[in-house]
Amino acid sequence: MDLSANLNSSQIEAVTAPLGSVLVLAGPGSGKTRVLTHRVAQLITAMGVVPRSIVAVTFTNKAAKEMSKRVQELLTHDTNAGDGLPNLGTFHALCARIIRQEADHLPLTRDYVIYDDADQQSLVREAIKDLRLDPKQTRPGRILNAISKAKNELIELEDYPTDTYANEVVRLVYERYQQALLANNALDFDDLLFWVYRLLRDHDDLQSAYRRRFQHLLVDEFQDTNTAQYSLLRLLAGENPDLFVVGDPDQSIYRWRGADYRNVHRFQEDYPQARTILLEQNYRSTQTILDVATAVIDRNPGRQRKLLFTDRGSGIPVVLHESYNENDEADFAVELISTLTFAGEADPGDCAVMYRTNAQSRALEEAFLRAGLPYRIVGAQRFYGRREIKDLIAYLRLIHNPVDRVSLLRALNTPPRGIGAKTIELLLESSQKRDVAPAEILFALARDKDPALMDIFNPRARRALVSFADSWLRWIEMKENSGLVALIDLILEETNYRAYIDDGTEEGESRWENIQELRRVAYEFEDIDLASFLESIALISDQDTLSEEQNAPTLLTLHAAKGLEFPVVIIIGLNDGVLPHQRSFDDPEAMAEERRLLYVGVTRTKDRLYLLRTFRRRIAGPSTLSEPSRFLHNIPPKLLDGDLLGSQNWEQTSYKQKTTWDLSSKIPLEPQYEPGMRVRHKVFGEGIVLSTKIDHDDEEVSVEFEEIGTKHLDASMAQLEVLDG
DNA sequence: TAGTCTGGGCTTTTT
DNA sequence: GCCCAGACTA
């Protein structure tokens with residue numbers, strides 16, 4: 001198969017570059033994934049590289065899967081490619097695997113578990129309590145952020161600064177927290193990278209072994225690597241690497257997570273012989289959209305300019321629209337989508353609504369609900385963050401790794417089985433006294449081996465604990481020779497979990513459905529061990545959870561939109577304070593990133609882009625007037641259609657958005673009622689209209705009812721019947 | 001021991 | 001305006 005078919009000259013240059021260090025600066029929609037997959041195929045088919053010696057790192061599991069699929073498609077025609085498969089996955093997944101393999105060299109066992117944010121929070125909270133710090137002064141979230149930042153920058157505990165009181169507090173918690181993790185045989189996300197880094201740094205033999213094993217490295221989304229990832233990469237690459245990195249500094253949007261687009265410059269310094277290739281031709285968007293994107297991003301200082309071009313033609317103008325407030329904005333977005341789909345201009349699944357903060361999705365969801373239209377949402381309440389899912393996973397983790405205290409504390413009394421705070425306190429106390437994991441105490445109780453334990457708990461508590469430990473021990477035994485699904489079913493049955501979670505309400509039902517969904521996922525893992533199952537679900541990202549099945553609009557944050565594309569994109573909340581977010585106002589670097597965020601959103605668009613803003617907005621507290629995003633002022637008016645940038649005179653004139661094909665037309669709302677009219681209401685009976693006034697999108701009518709006195713009603717809701725005027 | 005209440009805090013993005 | 005943690009009560 002001719003690998004260079006359908007590639008442009010820059011892409012071919014990248015794909016066929018000789019082994020060595022290569023930096024591909026890829027504009028949005030420039031065929032980056034295509035270059036990566038072709039490069040992998042090229043290595044295997046044309047350069048005689050053994051697939052197993054290739055490592056390609058992506059940002060999400062979804063991207064890894066996509067790559068794997070496309071590489072395999074490229075290779076099916078090749079008969080020599082039978083020698084294993086290239087290693088494709090996220091940094092975190094790759095590290096998780098290495099740690100499992102090399103656990104002997106680390107203060108962990110290979111059965112370690114990965115703690116998510118909520119698990120980390122509870123450890124930090126515990127640490128704060130133990131250290132007798134004031135939890136109000138030392139917010140767990142903030143401390144966790146600081147610890148995470150330190151780990152991402154490879155700062156060891158001993159090197160953590162103590163120059164300020166705040167730092168000292170972080171350091172104290174960091175120490176406790178780290179001890180707690182190891183005592184639980186657990187790691188957090190950042191540890192995955194940090195431990196592998198230390199492993200390779202401190203063990204020459206392992207370092208050279210892995211260098212030999214992973215000779216060909218490829219990195220996607222290179223601009224979003226952090227210090228830990230970059231350093232790890234350098235350790236793996238060695239002196240004379242075959243290191244192929246692809247990225248776009250203009251799409252770097254994870255600074256707050258330690259990502260540093262300057263790694264791109266660092267790469268050029270560290271590998272001066274590296275070949276740099278620019279991909280500028282865009283295969284996704286119309287020229288108008290590219291021009292809007294360029295107008296926005298060109299204001300960022302100190303960047304290498306890229307000339308984005310397409311041969312798709314200019315397309316249709318970008319539409320700007322101002323709504324009164326966020327509810328109207330959401331209604332407008334929904335209406336827009338239904339209009340486009342009804343007119344056959346787009347499928348519902350072609351449309352995406354993007355926003356800066358998750359909180360903005362609420363108004364949208366409500367609008368979709370009101371309209372009775374389905375939607376898909378990325379992130380927000382993550383599937384794996386849901387209570388019922390975390391409950392079940394806690395049980396599975398306990399079976400896999402009995403010393404996991406966080407999971408134990410969760411599972412012990414969920415569903416409630418009479419093990420209260422007092423009992424738990426006694427249990428933890430005795431485990432501390434004997435310097436064993438709480439699990440050991442429970443097991444000893446259940447096996448009735450230690451008479452000294454009998455006196456600790458009152459009979460009722462003891463019975464509850466023993467019964468819990470009995471089941472637990474049986475599950476552990478069972479895990480050896482029965483499948484995952486059978487194990488899950490047994491847990492659900494023995495804990496009577498359904499009765500606990502499904503209380504007959506809609507919410508309870510959906511919780512039970514979520515459990516069934518997890519069971520389905522487990523079914524796919526039936527042949528694999530519990531360890532891999534737990535690892536995979538720990539490393540699933542929000543973006544991975546987006547299903548393609550449903551033909552419905554996608555709601556997602558601008559962050560989650562990276563790497564995706566849609567024919568129709570609606571970006572909401574183009575107000576100063578939202579995008580750019582007000583927390584970025586006083587930091588030029590942060591403001592540059594806000595700009596990149598908008599750039600990422602805009603460049604997801606294939607055909608139609610709508611930029612929505614509001615006149616008023618409620619961010620925290622009451623609704624206030626809100627300025628248009630300053631970024632909008634950078635877009636040349638000739639690219640735009642719709643309202644000019646100045647606000648409409650919302651406070652004086654009221655508008656009713658009309659459900660018509662022409663969304664730019666707004667018909668002023670006329671009052672339907674007038675004072676003196678006799679009207680009938682379904683519930684309140686008959687009455688006389690006292691007064692009526694237009695509130696921005698509805699008519700507010702005051703009626704004096706015969707039976708119950710004066711009521712103020714929204715005309716659209718009240719459905720008043722006019723008897724005579 | 002479990003459920004309810006309330007007051008205070010907070011509101012960016014998440015592998 | 002919402003959510004959570006801890007206090008309070010049944």
Side-chain angles (χ1 to χ4, degrees), chain A residues 57-64 89-96 114-118 120-122 125 128-129 135-137 139-142 144-145 148-149 151-152 187-194 221 224-226 228-229 252-259 326 354-363 378-382 384-385 413-425 458 460-461 464 535-545 556-562 573 577-585 587 590 593-594 596-597 600-601 617-623:
Chain A
V57 202
T58 57
F59 205 68
T60 62
N61 296 301
K62 190 179 170 201
T90 62
F91 268 109
H92 291 89
L94 179 71
C95 289
I114 300 167
Y115 274 3
D116 71 7
D117 189 61
Q120 298 179 47
Q121 291 259 357
S122 68
R125 217 163 263 135
I128 290 174
K129 219 192 221 161
K136 275 169 193 150
Q137 296 267 299
R139 307 221 65 75
R142 294 205 167 227
L144 215 40
N145 271 346
S148 167
K149 196 167 171 228
K151 289 184 178 180
N152 281 326
L187 289 179
D188 63 23
F189 287 123
D190 307 313
D191 276 340
L192 290 170
L193 304 170
F194 203 174
E221 308 282 13
D224 279 325
T225 51
N226 59 32
Q229 288 163 335
S252 170
I253 53 174
Y254 286 100
R255 195 177 85 106
W256 48 275
R257 217 167 75 193
E326 49 267 61
M354 302 176 187
Y355 35 84
R356 174 69 235 268
T357 68
N358 272 315
Q360 291 172 262
S361 73
R362 183 198 220 94
V378 184
Q381 170 66 302
R382 318 176 46 190
Y384 290 94
N413 205 30
T414 316
R417 52 172 75 88
I419 302 176
K422 186 75 194 153
T423 309
I424 289 175
E425 198 183 306
N458 68 45
R460 216 169 78 187
E535 182 182 301
S536 317
I537 59 180
L539 295 175
I540 283 173
S541 71
D542 283 352
Q543 279 135 90
D544 297 327
T545 60
L556 74 180
T557 62
L558 289 162
H559 282 89
K562 196 172 71 160
V578 179
L579 181 63
H581 197 275
Q582 58 188 2
R583 283 169 76 128
S584 302
F585 280 170
D587 177 357
E593 183 147 314
E594 298 284 334
R596 293 195 290 269
L597 217 33
V600 166
R617 186 168 285 277
R618 205 177 53 70
I619 295 173
S623 169

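Because only heavy atoms are used, hydrogens play no part in the values below, and waters and symmetry mates are left out as well, while side chains stay in. Numbers restart at 1 for each chain; the letters A, B, ... are given by sequence-line order, proteins then strands. None of the values given here were measured: they were computed from a predicted structure.
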Are A/Asn152 and B/dT15 close enough that a side-chain N or O sits under 4.0 Å from OP1 or OP2?
no
Answer yes or no: does a side-chain N or O of A/Thr557 lie under 4.0 Å from OP1 or OP2 of B/dT14?
yes
Expressed in angstrom and rounded to an integer, what is the separation of A/Ile253 atom CD1 from B/dT14 atom C1'?
11 Å
Contact class for A/Asn145 vs. all strands (heavy atom < 4.0 Å): base, sugar-phosphate, or nothing?
nothing
Donor-acceptor check, side chain of A/Asn413 to backbone of A/Ile419, threshold 3.5 angstrom: yes or no?
yes
Can you identify which nucleotide, out of B/dT1, C/dA5, B/dT13, has its nearest atom closest to the A/His559 side chain?
B/dT13
Return the minimal non-hydrogen interatomic distance between A/Thr58 and A/Ala63, and the atom names on each side.
CB-CB, 3.9 Å
Spacing of A/Gln121 atom CD relative to B/dG9 atom P, expressed in whole Å
17 Å
Please report, rounded to the nearest Å, how far the C1' atom of B/dT15 is from the CZ atom of A/Arg257.
4 Å
Quick one: is A/Thr60 getting a side-chain N or O under 4.0 Å of the B/dT15 phosphate, OP1 or OP2?
no
I want to confirm an ordering. Mapping A/Asn458 and A/Ser584 to their closest nucleotides on DNA chain B, which one lands closer to the 5' end?
A/Asn458
Flag, side chain of A/Gln120 to backbone of A/Leu144, donor-acceptor distance under 3.5 Å:
no
Relative to the 5' end of DNA chain B, which residue comes earlier, A/His92 or A/Arg583, by the nucleotide with the nearest heavy atom?
A/Arg583
Please state how far atom CD1 in A/Ile128 lies from atom P in C/dA5, giving the value in whole angstrom units.
12 Å
Atom pair distance, as rounded to whole Å: CZ in A/Arg125 and C1' in C/dA5
8 Å
Among the nucleotides B/dT13, B/dT15, B/dA2, which one has an atom lying closest to any side-chain atom of A/Trp256?
B/dT13
For the pair made of CZ in A/Phe189 and C1' in B/dT15, what is the distance, rounded to whole Å?
6 Å
Quick one: A/His581 NE2 to B/dT11 P, roughly how many Å, whole number?
10 Å
Are any of A/Asn358's side-chain N or O atoms less than 4.0 Å away from OP1 or OP2 of B/dT13?
yes
When the ring planes of A/Phe189 and A/His92 are compared, do they come out parallel, tilted or perpendicular, using 30° and 60° as the limits?
perpendicular
Whole-Å gap separating P (B/dT15) and NZ (A/Lys62):
13 Å
Checking A/Val578, A/Thr557, A/Leu579 against A/Tyr355 for side-chain contact (heavy atoms from CB on, under 4.5 Å), the one that qualifies is A/Thr557
